[in-house]
2 protein chains.
Amino acid sequence: MAEPLRFVRPIAASTSSEVFEHLRALIVRGEWLPGRRVSENEVARSLGLSRTPVREAFIRLRQEGLIQVYPQSGTVVSPIDLGEVEDCQFLRETLECRTVALAAERCTARDAADLKRLIERQLECCAPGREAEFVAADDEMHRRLVAISGRTAIWRVVRDAKAQLDRVRHLSLENPAWIERNVNEHRRIIARVVAHDAGGATQAMRKHLRNVFQSIERISREHGEFFQQVSAGP
Amino acid sequence: MAEPLRFVRPIAASTSSEVFEHLRALIVRGEWLPGRRVSENEVARSLGLSRTPVREAFIRLRQEGLIQVYPQSGTVVSPIDLGEVEDCQFLRETLECRTVALAAERCTARDAADLKRLIERQLECCAPGREAEFVAADDEMHRRLVAISGRTAIWRVVRDAKAQLDRVRHLSLENPAWIERNVNEHRRIIARVVAHDAGGATQAMRKHLRNVFQSIERISREHGEFFQQVSAGP
DNA sequence: CGGCGACAACTTGTATACCAGTATGCTTGT
DNA sequence: ACAAGCATACTGGTATACAAGTTGTCGCCG
C-alpha cells in the first residue's frame with residue numbers, strides 16, 4: 001500500500017480549485033448577479049472542461065452560501081438575504097473589533113512597516129478604474145490585521161462574511177470618493193494599532209465597519225430586486 | 001429550456017449529504033481519530049456506494065478543515081492544531097457572549113419555556129452511556145440561544161468552531177460528573193437569559209466556555225500524539 | 001552488504017455515460 | 001378556441017472508466 005504521507009508538499013492547485021476561485025470572484029464582484037441562473041453544463045462548456053471539476057466548485061460555492069442548488073431543476077446565484085447580510089456585519093464587527101485590539105497589543109515594528117506599505121498601495125488605487133485593485137488591497141489589509149492578532153484561523157470566517165457584504169457593495173458603482181474615505185479610515189485604524197492603542201483601534205475599526213455598512217444599507221434600498229424575504233424560523 | 005425554478009421544494013437529502021453528515025459525526029465524535037488515514041475508495045466500498053458521493057462529502061469535509069487531502073497520495077483526518085483550537089475558543093467566546101446578551105434582551109415567554117425544556121432533557125442525560133445524547137442536547141441549546149438572539153446565520157460559524165473543540169473533548173472519556181457540571185452552568189446561563197439580564201448572561205456564558213476550554217487544555221496535554229505543530233506563517 | 005531502479009499497488013483528479021426528475025411547448029382531442 | 005397530455009430537452013445526482021502522481025517492495029547490480 002501507499003501508506004505514509006510525509007508530504008512537505010507544494011500542493012498544485014487543481015482545476016477544480018481554480019474554477020472555484022474563478023466563480024467565487026465572479027459572484028463576489030457582482031459579475032454574476034444575485035438570482036442569475038447558472039448550470040454546471042453551461043459553465044463546463046464555456047471553460048472547456050468536463051462537468052466534474054465544475055461540479056466540485058459548485059459544491060464549495062453552495063457550502064459558502066453563494067449559490068443555491070435545486071436538484072433536477074437548476075442552480076441560481078443566491079439572492080441576497082438582508083437578514084444574513086446584517087448577521088455578517090454583526091459577525092465582522094464583533095470579531096474584527098476584538099482582533100484589531102489584539103493586533104494593537106502585539107504589533108511589531110516590522111508589522112507596522114508592512115501595514116504602512118499596504119496603506120501606500122491603497123493610496124495608489126485612488127484612481128478611476130482601479131477599484132478592483134483597491135478591493136484586493138482592502139482584503140489584504142484586513143487579513144493582515146487578523147494575522148497580526150495571532151488568531152489566524154479567524155480570517156477564514158471573516159473572509160466569508162466579508163464576501164457577502166462585498167457582494168452587496170458591488171451591486172452599485174460607487175462614488176469614487178468612496179475609496180479615498182476608506183483609505184482615510186484605514187489610516188486611522190493603522191495609526192492606533194501602530195501606537196499600541198487597543199481601545200482606539202477598536203473604536204476606529206467599529207466606526208469604519210459601520211460606515212461601510214451604511215453604504216451597504218443604502219445600496220440595499222436601491223436594489224430591492226436582488227433581495228429575497230426570508231423565513232424568520234423559530 | 002427548463003428555466004424558472006419556482007421550487008417550493010422539499011429538497012430530498014442526497015446520498016452525498018448523508019455521507020457528509022455521517023463522516024462528520026465520525027470525526028467529531030472521535031471515532032475517526034486525528035491522523036487516521038482514509039480513502040475515498042475504501043469508504044465507498046464500505047458504504048456500498050460509488051466514489052462520487054463519497055468524494056463530494058470529502059470535499060465538504062476538507063472545506064470545514066476536518067480532513068486534509070494530498071492529491072495522488074492520500075487523505076488523513078486532520079491532526080489537531082492547538083493554535084486553531086485556541087482560535088476556535090476565541091471565536092466561540094467572542095460570538096456567543098454577544099449573542100447570549102442579545103438573547104437575554106429578546107427572550108420571550110415561549111423561548112423561556114423551550115429553554116427550560118432543553119435543560120430538562122439534559123438532566124435526563126446525566127446517566128452513564130448517555131453522553132452522546134447530552135452532546136446533542138448541548139448543541140441544541142447553544143443553537144437555540146443563537147436563534148433567540150436573532151442572528152441565525154451566526155450559528156453556522158459557531159457550529160463549525162464548536163466541532164473542532166468537541167473533537168478534542170471526545171479524545172478523552174471524561175469523568176461523568178462533567179455532564180452534571182455542564183448542566184449546572186447551562187442552568188445559570190438560562191436563568192440570566194430568562195431574567196433578561198444581558199450582562200449576567202454574558203458572564204455566565206463566558207465562565208461556561210472557559211470551563212469547557214480548561215478541560216480541553218487538559219486533554220491536549222494528555223494526548224499530544226494527536227496534535228501537530230504548525231507554521232506560524234506571516 | 002548497500003544503494004539504486006523498475007514495477008506494482010495504491011492514491012486523488014478528471015472525463016464520460018447514464019439515471020431520474022422537472023419545466024417547456026407543441027400536439028391532440030374535444 | 002382551449003385544455004389536457006405527452007414528447008422533449010434540460011437539470012443535477014450517481015456510477016464508471018481512465019489518467020496522472022506517489023510510495024513501498026523487491027530484485028538487480030556494484
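The basis for the numbers below is simple: all heavy atoms, side chains too, and nothing from hydrogens, waters or symmetry mates. Numbers restart at 1 for each chain; the letters A, B, ... are given by sequence-line order, proteins then strands.
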### Terminal helix-axis angle for the helix from C:dC1-D:dG30 to C:dT30-D:dA1, with five pairs defining each axis and rounding to 10 degrees
30°
### Query
Which listed nucleotide (C:dA15, C:dT12, D:dT11) is nearest to the side chain of A:R37?
D:dT11
### Message
What is the distance, to the nearest angstrom, from the OH atom on A:Y70 to the P atom on D:dG12?
### Response
13 Å
### Message
So, does B:S16 get its side chain near the phosphate of D:dG13, meaning an N or O under 4.0 Å from OP1 or OP2?
### Response
no
### Task
List in chain and number order the residues that pass ring pair (Phe, Tyr, Trp, His ring centres under 6.0 Å) with B:H170, two or more places apart in sequence or in another chain; answer none if no residue qualifies.
none
### Task
Check every atom of D:dT16, D:dG12, C:dT16 against the side chain of A:S50 and return the nucleotide holding the closest atom.
C:dT16
Taking N or O atoms only and anything under 3.5 Å, show me the protein contacts with nucleotides 5-8 of chain C, one pair per line.
none

### Query
So, is A:S14 near the phosphate of C:dT12, with a side-chain N or O under 4.0 Å from OP1 or OP2?
no
### Query
OP1 or OP2 of D:dT11 sitting under 4.0 Å from any side-chain N/O of A:N41?
yes
### Task
Give, ordered by number, those residues of residues 51-60 of chain B having at least one heavy-atom distance below 4.0 Å to an atom of DNA chain C; if nothing qualifies, reply none.
B:R51, B:R55
### Summary
ring pair (Phe, Tyr, Trp, His ring centres under 6.0 Å) pairs touching residues 141-160 of chain A, sequence neighbours excluded, are A:H142-A:H186, A:H142-A:H208
### Query
If every non-hydrogen atom of A:G150 is compared with every non-hydrogen atom of B:D87, which pair is closest and at what distance?
O-OD1, 4.0 Å
### Query
When you measure from the side chain of A:V69, which nucleotide among D:dT11, D:dT14, D:dG12 comes out closest?
D:dG12
### Task
Take the protein atom CD1 of B:I67 and the nucleotide atom P of C:dT12, then report the distance between them rounded to whole Å.
9 Å
#### Entry: A:R62 side-chain N/O to A:Q68 backbone N/O, donor-acceptor pair under 3.5 Å
no
### Query
Nearest-Å distance, CZ (B:F20) to C1' (D:dT14)?
19 Å
### Query
Any side-chain N or O of A:T15 under 4.0 Å from OP1/OP2 of C:dT14?
yes
Return all side-chain donor-acceptor pairs below 3.5 angstrom for residues 21-29 of chain A, not counting sequence neighbours, or 'none' if the list is empty.
residue: A:R24; atom: NE; partner: A:E64; partner atom: OE1; Å: 3.2
residue: A:R29; atom: NE; partner: A:E31; partner atom: OE2; Å: 2.9
residue: A:R29; atom: NH2; partner: A:E31; partner atom: OE2; Å: 3.1

### Query
Considering only heavy atoms and no angle criterion, is a donor-acceptor pair shorter than 3.5 Å present between the side chain of B:Q72 and the base of D:dT22?
no
### Query
Is the backbone of B:G129 close enough, under 3.5 Å, to the side chain of B:E131 for a donor and an acceptor to pair up by distance?
yes
### Query
Are A:R106 and A:D111 within salt-bridge range, i.e. N to O under 4.0 Å?
no
### Task
Kindly compute the distance separating CD (A:E40) from CG (A:L49), expressed to the nearest 0.5 Å.
13.0 Å
### Query
Is it true that A:R143 and A:E140 have a side-chain N and a carboxylate O under 4.0 angstrom from each other?
yes
### Task
Look up atom OG in A:S149 and atom CD1 in A:I154, then write down how far apart they are to the nearest 0.5 Å.
7.5 Å
### Query
Is any side-chain N or O of A:S39 closer than 4.0 Å to OP1 or OP2 of D:dT11?
yes
### Query
To the nearest 0.5 Å, what is the distance between CD (B:E124) and CZ (B:R130)?
6.5 Å
